[in-house]
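First comes the structure, then the notes that go with it.
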Amino acid sequence: MRDLLAPESVRTRRFTTVFADVVEAAGYQQIVTPLLEDLDVFARIGDATDVVTKEMYDFVDKGDRHVALRPEFTASVCRAFVEHRPTLPWKVWYSGPNFRYEKPQRGRYRQFDQVGIEVLGVDDPHLDVEVITLGWDFYRRLGLRQVTLLLNSLGEPGDRARYVDALRTHFEAVGTALSEQSRATLARNPLRVLDSKRGEDVEFIASAPTIDAFWSPTAATHFRSVCAGLEALGIRFEVNLKLVRGLDYYRGTTFEFVGGTLDSAQNALGGGGRYDGLVESLGGPPTAGIGFALGVDRTLIACADEGVFAAPDMSVDAFVVDTTGGTQALIVTNQLRAAGIAADRAYDNRSMKAQMKAANRSGAAFAVIIGDDELAAGTVSIRPMRTGTVEGSEQFAVAGNELITNLQTLLKEVPTS
Ligand code: AMP
């Protein structure tokens, strides 16, 4: 678990703001769910997933309740739906930290942020297209260009079950040539063997049956409509019939956004799909569901690798320097802030030289200087710090009560650093 200091903390916050802009413009409303829920809520993710069996931060609280820190949002959103029964369709977005006890490495942390959306109550393949498109558009808004969209369908529940049987038969026939790791996975969750990146497994995964042979006509039609919709919007995708996702509840459309710059084990920037059936398993009525979650930390690494979505300039507009004792700095800084001008100041009544050094370091566009002469004349001096001069002057005095209007005019013209 990491601390986030500036500028990373600022990039992360802006990331969420951009995401909110994109999805709120499409009618999604924010939901905030608790960080801690009954373990049972997350257990619905599936007994055969690592998230549930190995990675949960769970404990018994003082009231003897078995609870867990949220490892993902979808189960919480469905739990909230069952509890509040909002009108359908219900379109929500979220952001915040999740916790998984994984082996930390670049792009994989025990506390990591996600942003995402979920829609409950709509079966229409056009919704799948909308959801995927919003993820795609968001990556474009960040400036990412090396993202690949992978698309698959896990079929209807019966299709998936028959496919899992076929995979089990296929991999069992391979016997001990399969890696030890994958043999253990096979016993719990044959689908996940397809995720293995181990050298020994590659040829057996390549020769494994693919899900399309098991699609019911309904599943096949739905999938074709999603592909046609994406094509109509000009969104490029690769059909990957062996794309399975970590969580057990996925049905039908499944997709992943893969980055072009990270190691293959950590290159999934985000993903999602349909999970018709999850609401029911949490005690609600049969309800269609689809959504995605995007990893914030990993996407920001991809942005840094592609040289896009850089940290913004965080320097203030004005830095107040006062060598008359500090009371003027107190008052003037407060006035500037009240007028919406970002302002900082020096403390401890230090020398002019030390305060100017601090002004420089702050990156402020202007230093606002109050010395004995200014105090006596009822003026303040303005010194442009980024441009060096304004109309040939390195520093000029203005009446104290005209400081704000002067700065407002000057700030309109100043380049950002
Ligand atoms: P998932 O909820 O497993 O489908 O993951 C969705 C996205 O969340 C992934 O594509 C990653 O970008 C991100 N993610 C999942 N687990 C971690 C982790 N331990 N650390 C950082 N990001 C993660």
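Counting starts at 1 for both ligands and their atoms, in listed order. FYI, side chains are in, hydrogens and waters are out, and symmetry mates aren't considered; it's all heavy atoms of this structure.
- With a 4.0 Å heavy-atom cut-off, ligand 1 is reached by the side chain of Gln114 but not by its N, CA, C or O.
- When only interatomic distances are considered, the shortest N/O to N/O separation between Gly271 and ligand 1 does not fall below 3.5 Å.
- Atoms of ligand 1 lying under 4.0 Å from at least one heavy atom of Glu102, given by number and element, are 16 (N), 17 (C), 18 (C), 19 (N).
- The shortest N/O to N/O separation between Glu72 and ligand 1 does not fall below 3.5 Å.
- Salt bridge present: Asp50 and Arg188 bring a charged side-chain N and a carboxylate O closer than 4.0 Å.
- Of all the heavy atoms of Arg100, the ones lying under 4.0 Å from any atom of ligand 1 belong exclusively to the side chain.
- Ring-centre distance between Phe171 and Phe204: not below the 6.0 Å cut-off.
- Contacts with ligand 1 closer than 4.0 Å are made by no heavy atom of Asn98, backbone or side chain.
- Residues passing the side chain to side chain contact (heavy atoms under 4.5 Å, CB included) test with Ser179 are Gln181, Ser182, Arg198, Glu200, Asp201, sequence neighbours excluded.
- Shown in contact with Ala268 at under 4.0 Å from a heavy atom are these atoms of ligand 1, numbered in order with element: 9 (C), 10 (O), 11 (C), 12 (O).
- The option from Phe292, Phe112, Tyr250 that lies nearest to atom 18 (C) of ligand 1, judged by heavy atoms, is Phe112.
- Taking 4.0 Å as the cut-off between side-chain N and carboxylate O, Glu156 and Arg251 do not count as a salt-bridged pair.
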Exercise for the section: Check the pair Phe319, Phe366 against ring-ring contact (aromatic ring centres under 6.0 Å, His included), reporting the backbone distance first and the verdict last. Expected result: CA-CA 6 Å; Phe319 193 95; Phe366 297 96; over 10 Å; no
Taking distance alone, no hydrogens or angles, what donor-acceptor pairs closer than 3.5 Å link side-chain atoms of residues 327-350 to residues at least two apart or in another chain?
from	atom 1	to	atom 2	distance (Å)
Thr333	OG1	Ala329	O	2.5
Arg337	NE	Ala343	O	3.0
Arg337	NH2	Ala343	O	3.0

